[in-house]
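Here's the structure we're looking at; comments come further down.
Computed from heavy atoms alone, side chains included, the values below leave out hydrogens, waters and symmetry copies. For this chain, numbers begin at 1 and follow the sequence in order.
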Amino acid sequence: MYRISVRQHFDAAHHLRNYRGKCEQMHGHRFLVVVTVEGLELNELGMVFDFSELKKHLQSIVDRFDHVCLNDIAPFDQVNPSAENIALVIYQELSPRLKAERISITSVEVWESPDSCATYIP
C-alpha cells in the first residue's frame with residue numbers, strides 16, 4: 001500500500017450557528033487542508049498518483065472557499081461550516097474527480113489553527 005498527501009490552504013470567515021461561545025461570532029481562519037490518498041500499485045512512472053494532479057484537484061475545490069464568508073455559500077448556508085463539515089464537503093467534491101483513478105481517499109484533514117484539526121475518514 002502506498003499513501004501520498006498534499007496540502008492547500010484558504011483564508012475564510014465563518015461563524016457557527018447555535019454554538020454557545022466565542023465561535024458563534026464571525027471570525028476568520030487560515031484553514032489548512034491535507035488530503036491523503038492511497039493505492040496498491042505504482043504507475044509506469046513509479047508513483048501512486050501525481051502530486052501536482054492531486055494538488056490541482058484540491059486547489060479547484062478550495063478556491064471557492066477562499067476569502068469568503070463560508071456561511072454565505074453552499075452548502076454552508078444550510079449546514080454549519082465546522083471543520084468537520086468542511087472536511088466532508090471537500091471529500092464529497094474530490095471523490096468523483098478521482099473515481100477513474102486506481103486510488104482512494106483515505107482522509108481529509110482540515111486544520112483551523114496550528115493546534116486544532118478535524119479529520120474525515122471515508
Side-chain angles (χ1 to χ4, degrees):
M1 181 71 60
Y2 300 92
R3 287 186 179 158
I4 64 167
S5 300
V6 297
R7 308 186 307 181
Q8 296 286 347
H9 77 271
F10 64 95
D11 299 301
H14 74 150
H15 59 91
L16 299 179
R17 297 173 200 92
N18 303 315
Y19 181 85
R20 305 217 193 294
K22 291 191 319 184
C23 293
E24 192 169 24
Q25 299 301 313
M26 181 77 66
H27 62 284
H29 297 282
R30 169 161 280 191
F31 290 94
L32 174 66
V33 179
V34 180
V35 171
T36 301
V37 300
E38 68 181 13
L40 293 172
E41 300 174 4
L42 301 180
N43 64 17
E44 62 281 353
L45 300 174
M47 299 184 293
V48 69
F49 194 70
D50 188 334
F51 284 120
S52 61
E53 284 298 309
L54 186 54
K55 282 181 109 172
K56 191 182 334 175
H57 287 301
L58 178 57
Q59 188 67 53
S60 68
I61 294 167
V62 300
D63 274 351
R64 74 183 184 93
F65 301 154
D66 194 39
H67 285 82
V68 301
C69 176
L70 294 175
N71 298 73
D72 294 341
I73 63 170
F76 305 117
D77 55 345
Q78 301 295 314
V79 298
N80 251 346
S82 64
E84 294 88 343
N85 281 331
I86 295 168
L88 173 61
V89 167
I90 291 170
Y91 169 79
Q92 290 170 333
E93 293 187 15
L94 184 59
S95 185
R97 298 172 189 224
L98 303 177
K99 199 165 193 79
E101 305 297 336
R102 297 175 311 185
I103 58 171
S104 60
I105 301 170
T106 59
S107 65
V108 176
E109 298 176 24
V110 174
W111 291 81
E112 55 176 46
S113 80
D115 303 320
S116 301
C117 165
T119 304
Y120 177 75
I121 300 170

Subject >> Side chain Ser5, main chain Val34, donor-acceptor under 3.5 Å >> reply: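 Checked: no pair found.
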
Subject >> N/O donor-acceptor pair under 3.5 Å between Asp66 side chain and Asp11 backbone >> reply: yes

[Y] side chain reached by [X] side chain, heavy atoms, under 4.5 Å:
X	Y	value
Ile121	Thr106	no
Leu40	Met1	yes
Gln25	His15	no
Arg17	Asn71	yes

**OP:** Taking salt bridge (Lys or Arg N to Asp or Glu O under 4.0 Å) as the test, write out the residues that go with Asp72, two or more places apart.
**Re:**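 By the salt bridge (Lys or Arg N to Asp or Glu O under 4.0 Å) rule, Asp72 matches no residue at all.
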
hydrophobic_cluster_shared for [Y] and [X], side chain cutoff 4.5 Å:
X	Y	value
Leu42	Val6	yes
Val79	Phe10	yes
Tyr120	Leu16	no
Val33	Val68	yes
Leu98	Met47	no

Original post:
Can you pull the salt bridge (Lys or Arg N to Asp or Glu O under 4.0 Å) pairs that have at least one residue in residues 42-56, sequence neighbours excluded?
Top reply: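 Only Glu53-Lys56 qualify under salt bridge (Lys or Arg N to Asp or Glu O under 4.0 Å).
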
**OP:** Return each pair, listed once, that meets salt bridge (Lys or Arg N to Asp or Glu O under 4.0 Å) where at least one residue sits in residues 102-111; pairs must be two or more places apart or across chains.
**Re:**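 Applying salt bridge (Lys or Arg N to Asp or Glu O under 4.0 Å) to every pair that reaches into residues 102-111, excluding sequence neighbours, yields Glu41-Arg102.
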
Subject >> Gap separating the CD1 atom of Ile4 from the CZ atom of Phe51, nearest 0.5 angstrom >> reply: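 It comes to 5.0 Å.
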
Original post:
Quick one: CD on Glu84 to SG on Cys117, what's the gap to the nearest 0.5 Å?
Top reply: 9.5 Å

**OP:** Apply the side chain to side chain contact (heavy atoms under 4.5 Å, CB included) test between Arg97 and each candidate in Leu58, Ile61, Leu54; give the one that qualifies.
**Re:** Ile61

**OP:** List in chain and number order the residues that pass ring-ring contact (aromatic ring centres under 6.0 Å, His included) with Phe76, two or more places apart in sequence or in another chain; answer none if no residue qualifies.
**Re:** Phe65

**OP:** Determine the minimum heavy-atom distance between Ala83 and Val110, stating which atoms define it.
**Re:** O-CB, 3.8 Å

Original post:
Which heavy-atom pair separates Tyr19 from Glu24 by the least distance, and what is that distance?
Top reply: O-OE1, 2.7 Å

Donor-acceptor contacts, no H, no angles, side chain residues 85-95, under 3.5 Å, sequence neighbours left out:
{"unit_1": "Asn85", "atom_1": "ND2", "unit_2": "Asn80", "atom_2": "O", "d": "2.8"}
{"unit_1": "Asn85", "atom_1": "ND2", "unit_2": "Ser82", "atom_2": "OG", "d": "3.4"}
{"unit_1": "Glu93", "atom_1": "OE2", "unit_2": "Arg64", "atom_2": "NH2", "d": "2.5"}

**OP:** Could you tell me which residues satisfy side-chain hydrogen bond (donor to acceptor under 3.5 Å, both in side chains) with His27, sequence neighbours excluded, listed by chain and number?
**Re:** His14, His29

**OP:** Please check if atom CZ in Arg7 has more than 12 non-hydrogen atoms from other residues, nucleotides or ligands closer than 6.0 Å.
**Re:** no

